[in-house]
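What follows is a single structure, written as structure tokens, with notes after it.
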Amino acid sequence: MTQPVSVAIEDGIAVVTIDNPPVNAMSHAVRAALAEAIAKIDADETVSAVVLACAGRTFVAGADIREFNQPPKPPHLPEVIEAIETSRVPWVAAIHGTALGGGLELALGCSGRIADPRAVLGLPEVGLGLIPGAGGTVRLPRLVPLEEAIAIITTGKPVGAAKAAEIGLVDRIADDLAADAKALARELATRGKPAPLSASDPVETPEVDFWEAKREEIARKVRGQLSPVEALDAIRDAVTHHAGDALGAERARFLRLKESEQSEALRYMFFAERNTGRPDDVRDAEPADIRKVGVVGGGTMGSGIAAACLLAGFSVALGEQDAEAAARAAERVAGILDAAARRGLISEPGVADALARFDTGAGYGLFADCDLVIEAVFEDMDVKKAVFAELDKVARRDAILASNTSYLDVNEIAATTADPSRVVGLHFFSPAHVMKLLEIVNAGATSPRTLATAFAVAKTLRKTPVVAGVCDGFIGNRIFSAFRRECDFMLEEGALPQQIDAAMLDFGFAMGIYAVSDLAGLDIGWATRKRQAATRDPQARYSRIADRICERGRFGQKTGAGWYRYEDGSRIGHPDPEVEKIILEESERLGFRRVTLPADEIMHRILGAMQREAQAVLDEGIALKASDIDVALVHGYGFPRHQGGPMFKAGYRP
Ligand code: 3HC
Ligand code: NAI
């Protein structure tokens with residue numbers, strides 16, 4: 001095994017290199033070896049300065065999260081950083097890749113910091129339900145403007161090297177990191193070691209009002225997640241107290257949060273998201289080389305999928321029913337790209353480059369040279385079958401054919417082709433260029449090569465793939481339908497849409513289920529229920545409320561009314577007496593004496609419905625593992641990440 005820390009001394013400069021692949025996390029072994037190196041260097045009078053660098057693809061990306069489930073073992077990270085800060089000689093952090101969490105805190109313990117131009121620096125601990133626990137909240141506001149420190153720590157969003165240099169987080173951006181770091185170390189040795197950050201005063205110490213306003217602002221944004229608010233409190237302590245006391249208080253807060261359920265949930269999600277990759281049976285399959293993607297249908301989903309593919313660098317051919325529809329789809333795609341440019345996600349020349357890779361038209365001819373074709377036409381089995389039969393004629397024999405169907409049987413669609421092994425479901429979520437989740441539907445005959453390609457495409461699109469088997473609604477929509485059903489039952493028993501939505505917001509959802517339904521449109525769900533009517537168990541409980549709302553032409557925001565009423569094109573829904581009337585009539589028809597359902601009971605029933613359906617999805621092999629279900633609900637349905645997902649809430653631990 002290679003040593004996690006090595007020291008090379010040349011001309012009085014010691015280069016200390018951390019080597020702990022893949023991301024140089026500060027595991028116990030690294031901390032112990034680094035502490036030993038610090039002590040040796042302090043005892044070696046020939047050393048006048050130190051460069052702290054990392055091998056491999058990145059600087060230290062943080063503490064080792066895998067160790068957080070065990071009691072911490074000495075030497076602890078704060079002690080190691082303090083030893084660097086109080087070392088006899090100046091240390092310079094030479095940063096490439098990502099300096100995150102404990103990695104950036106390590107750099108803050110150094111006397112100087114120099115970064116590669118592509119480096120990224122941040123304190124993402126809040127995303128793990130934590131606050132920085134090794135001096136980040138104390139040293140950062142003593143180095144950069146307070147507002148910048150608050151933004152970095154409470155949002156967890158990292159900054160690039162240029163911004164880091166602008167706010168004083170790094171001293172320099174390097175041309176040649178190794179050489180320039182040594183030069184900076186030598187300069188500091190000559191000039192004399194600067195005072196450590198924890199010995200200096202904070203940059204600013206605002207009044208109580210400032211902190212209260214900030215606290216409210218953050219609490220409003222994070223919807224029940226505790227760590228960002230705790231992080232602000234830690235920064236306030238850090239700048240209003242002596243650094244020594246603040247360091248102790250920060251550590252105590254960090255250790256307390258580490259034991260919280262929210263932190264456990266967020267750490268679980270961190271690994272669950274990284275564990276949705278290819279199942280074992282497709283691990284060795286070679287994915288097809290995808291350069292050109294065809295998209296059939298340029299409505300809401302097709303245009304979003306086309307834009308996502310263009311933004312990821314693919315060439316795209318989008319086919320519609322006729323020239324007019326194709327022109328409208330092209331406009332939608334261009335609109336998405338322009339909006340991406342306005343938000344700084346792509347440059348103006350980037351938009352021009354994407355449009356140069358984009359082709360639209362009517363008919364199927366433009367799919368002849370596509371490596372992958374994704375169908376996103378109406379949710380209607382006959383229409384989809386007709387499309388796949390045509391694709392089978394024009395597409396290359398080795399092209400992959402995918403359907404974006406929300407509910408339909410991908411096997412039945414695949415059966416219209418000569419070779420169902422190249423057919424797969426690629427279920428995007430709306431808006432397709434934004435939402436992270438991609439359900440990869442493994443139909444009965446889908447080949448390992450086709451599946452491997454779907455995973456590779458997900459990676460290029462920077463989506464989180466979750467593999468699902470064929471059933472009505474796959475993983476996500478099936479569980480969604482089950483809990484929607486339960487919500488409709490609660491309406492019959494006494495709740496109102498706004499009360500159910502409020503309970504969900506309280507739990508941490510960004511939107512309640514009825515507001516989401518209005519946003520997405522009620523018509524697709526209505527069509528699905530009508531399709532399922534013939535096969536529905538007549539004994540099973542069925543709520544008619546949603547159907548009665550649709551019968552009045554209320555399809556959600558797009559028609560100005562759905563579960564709520566929308567005035568003059570506004571997106572803000574108001575409770576509507578007409579909906580309440582339908583609900584009360586249904587309660588009466590069914591003989592319910594309406595009762596008030598408290599928010600905690602509403603959430604208890606929602607979670608119960610999700611968990612029962614999730615267990616069935618697992619038992620039937622539709623999902624491969626419980627954590628995939630949680631990832632799907634968090635990334636496709638707004639389940640609050642800090643609650644870990646329904647399976648986590650049910651007590652599932654890997
Ligand atoms: N501890 C343990 N394992 C880690 C890790 C960490 N801090 N960071 C990443 N890993 C693992 C991943 O689980 C993954 O393992 P796998 O290959 O077995 O699935 C492997 O390293 C590679 O990670 P990614 O797949 O995420 O690689 P990317 O290149 O896409 O991303 C990254 C790299 C940006 C560093 C990303 O991994 C990341 O954001 N890591 C977490 C950073 C973080 O949150 N740091 C703070 C930790 S808490 C802390 O430092 C507390 C301190 O204040 C005391
Ligand atoms: P949409 O109605 O907005 O778009 C469908 C488009 O397909 C229309 O522009 C139509 O002109 C076109 N089209 C129909 N037949 C065609 C054909 N033979 N050739 C070429 N184009 C044809 O529908 P939407 O919402 O985009 O849905 C498309 C598919 O995506 C459906 O299967 C739906 O279930 C699925 N889906 C929808 C989501 C949503 O939130 N809207 C989310 C995930 C999946």
Side-chain angles (χ1 to χ4, degrees), residues 20-27 57-68 72 76-78 81 97-106 120 122-137 153 156 158 250-251 254-255 258 263 266-267 270-271 273-275 277 295-305 318-322 324-326 328-329 332 362-364 374-381 383-384 386-387 390-391 403-408 425-432 435 437 439 459 462 473 476-477 516 519-521 523-525 527-528 636:
N20 182 29
V23 298
N24 291 314
M26 289 297 283
S27 63
R57 61 170 150 136
T58 177
F59 194 76
V60 171
D64 190 330
I65 305 167
R66 285 171 216 275
E67 290 180 356
F68 285 3
H76 306 299
L77 190 54
I81 294 173
T98 45
L100 298 177
L104 182 56
E105 291 174 300
L106 200 57
V120 165
L123 292 169
E125 285 89 343
V126 290
L128 296 167
L130 300 167
I131 62 158
T137 66
I153 295 171
E250 178 203 66
R251 186 71 181 166
F254 169 83
L255 292 174
K258 190 160 78 74
S263 177
L266 287 163
R267 274 145 42 200
F270 177 85
F271 291 113
E273 286 155 358
R274 281 162 180 74
N275 197 20
V295 179
V296 197
T300 310
M301 292 308 289
S303 50
I305 294 168
L318 188 155
E320 256 290 348
Q321 305 200 76
D322 50 46
E324 237 175 73
R328 277 198 306 272
R332 268 195 288 273
Y364 289 82
I374 305 172
E375 165 277 309
V377 301
F378 302 131
E379 184 76 343
D380 179 303
M381 183 54 98
V383 178
K384 296 212 188 265
V387 167
E390 288 300 322
L391 288 176
S403 173
N404 180 48
T405 177
S406 306
Y407 290 90
L408 299 174
L426 284 183
H427 184 215
F428 290 81
F429 289 72
S430 181
M435 295 292 283
L437 181 62
E439 268 183 315
K459 187 159 190 200
R462 304 171 79 132
N477 277 344
V516 165
L519 181 65
D523 39 342
I524 291 185
T528 305

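Every number for a ligand or one of its atoms is a count from 1 in the order of the listing. Hydrogens, waters and symmetry mates play no part in the numbers below; they use all other heavy atoms, side chains included.
- Not one N or O of L100 is nearer than 3.5 Å to an N or O of ligand 1, by distance alone.
- Counting only non-hydrogen atoms, the option in E379, E375, E324, E320 that gets closest to atom 11 (O) of ligand 2 is E320.
- Heavy-atom proximity to atom 29 (C) of ligand 2, evaluated over T300, T528, V377, is greatest for V377.
- The atoms of ligand 2 that sit less than 4.0 Å from any heavy atom of H427 are 43 (C), 44 (C).
- Residue contact check: V296 has heavy atoms under 4.0 Å from atoms 19 (N), 20 (C) of ligand 2.
- Checking atom 30 (O) of ligand 1 against the protein gives no heavy-atom contact under 4.0 Å.
- The ligand atoms of ligand 2 that sit less than 4.0 angstrom from a heavy atom of F378 are 2 (O), 5 (C), 8 (C), 10 (C), 14 (C).
- At under 3.5 Å, a nitrogen or oxygen of G102, whether backbone or side chain, sits near a nitrogen or oxygen of ligand 1.
- Nearest protein heavy-atom contact of atom 4 (C) of ligand 1 is V23 CG2, 4.0 Å.
- Residue contact check for ligand 1: R57 places a non-hydrogen atom closer than 4.0 Å to it.
- Within the 4.0 Å heavy-atom criterion, neither part of L408 lies near ligand 2.
- Nearest protein heavy-atom contact of atom 40 (N) of ligand 1 is F270 CZ, 3.6 Å.
- Contacts with ligand 1 closer than 4.0 Å are made by heavy atoms of both the backbone and the side chain of A63.
- For the pair G136 and ligand 1, no heavy-atom separation below 4.0 Å is found.
- Nearest to atom 26 (O) of ligand 2 among the protein's heavy atoms is M301 N, 2.8 Å.
- In terms of N/O distances under 3.5 Å, ligand 1 is not approached by R251.
- Around atom 47 (C) of ligand 1, the closest heavy atom drawn from L128, L123, I131 belongs to L128.
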